K.L.:
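What follows is a structure written as structure tokens; I'll ask about it next.
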Amino acid sequence: GIDLLSDEPFRSTFTELIDKGFMSRNADADYWIPTLAGEALHEEIMYVYFHERVGGCLDAVCRRTS
């Protein structure tokens with residue numbers, strides 16, 4: 001399986017999201033919680049951090065077109 005806290009590119013991605021104040025962990029560190037800042041930037045976070053960095057998707061198909 002994948003360990004989000006030690007396997008790359010997940011570790012550095014989640015570390016940066018926490019460092020920038022976009023996500024946090026619950027008290028028991030069981031799950032990730034988006035902060036208000038993270039919610040406000042939801043689309044950008046999904047594209048830049050997850051589609052582009054983790055998924056390696058740079059195509060227009062990964063961008064919102066509404």
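Numbers here simply count residues along the sequence, with the first being 1. Keep in mind it's a predicted model, so treat the numbers as computed, not measured.
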K.L.:
Once rounded to the nearest 0.5 Å, what's the spacing between atom CD of E8 and atom CD1 of I2?
P.N.:
12.0 Å

K.L.:
State the CG-OG distance between L17 and S24, to the nearest 0.5 angstrom.
P.N.:
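Rounded to the nearest 0.5 Å, the CG-OG separation comes out at 11.0 Å.
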
K.L.:
What are the two closest heavy atoms between A37 and G21, and how far apart are they?
P.N.:
CB-O, 3.9 Å

K.L.:
Count the heavy atoms belonging to other residues, nucleotides or ligands that lie under 6.0 Å from CD1 of I33, then report whether that count exceeds 12.
P.N.:
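Yes, CD1 of I33 has more than 12 neighbouring heavy atoms, counting only those of other groups under 6.0 Å.
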
K.L.:
Any chance you could measure R25, atom CZ, to Y31, atom OH, to the nearest 0.5 Å?
P.N.:
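If I round to the nearest 0.5 Å, the distance is 10.5 Å.
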
K.L.:
Measure the CZ-CG distance between F10 and L4 for me, rounded to the nearest 0.5 Å.
P.N.:
6.5 Å

K.L.:
Rounded to the nearest 0.5 Å, what's the gap from CG on L41 to OG1 on T35? Could you check?
P.N.:
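Between atom CG of L41 and atom OG1 of T35 there are 8.5 Å.
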
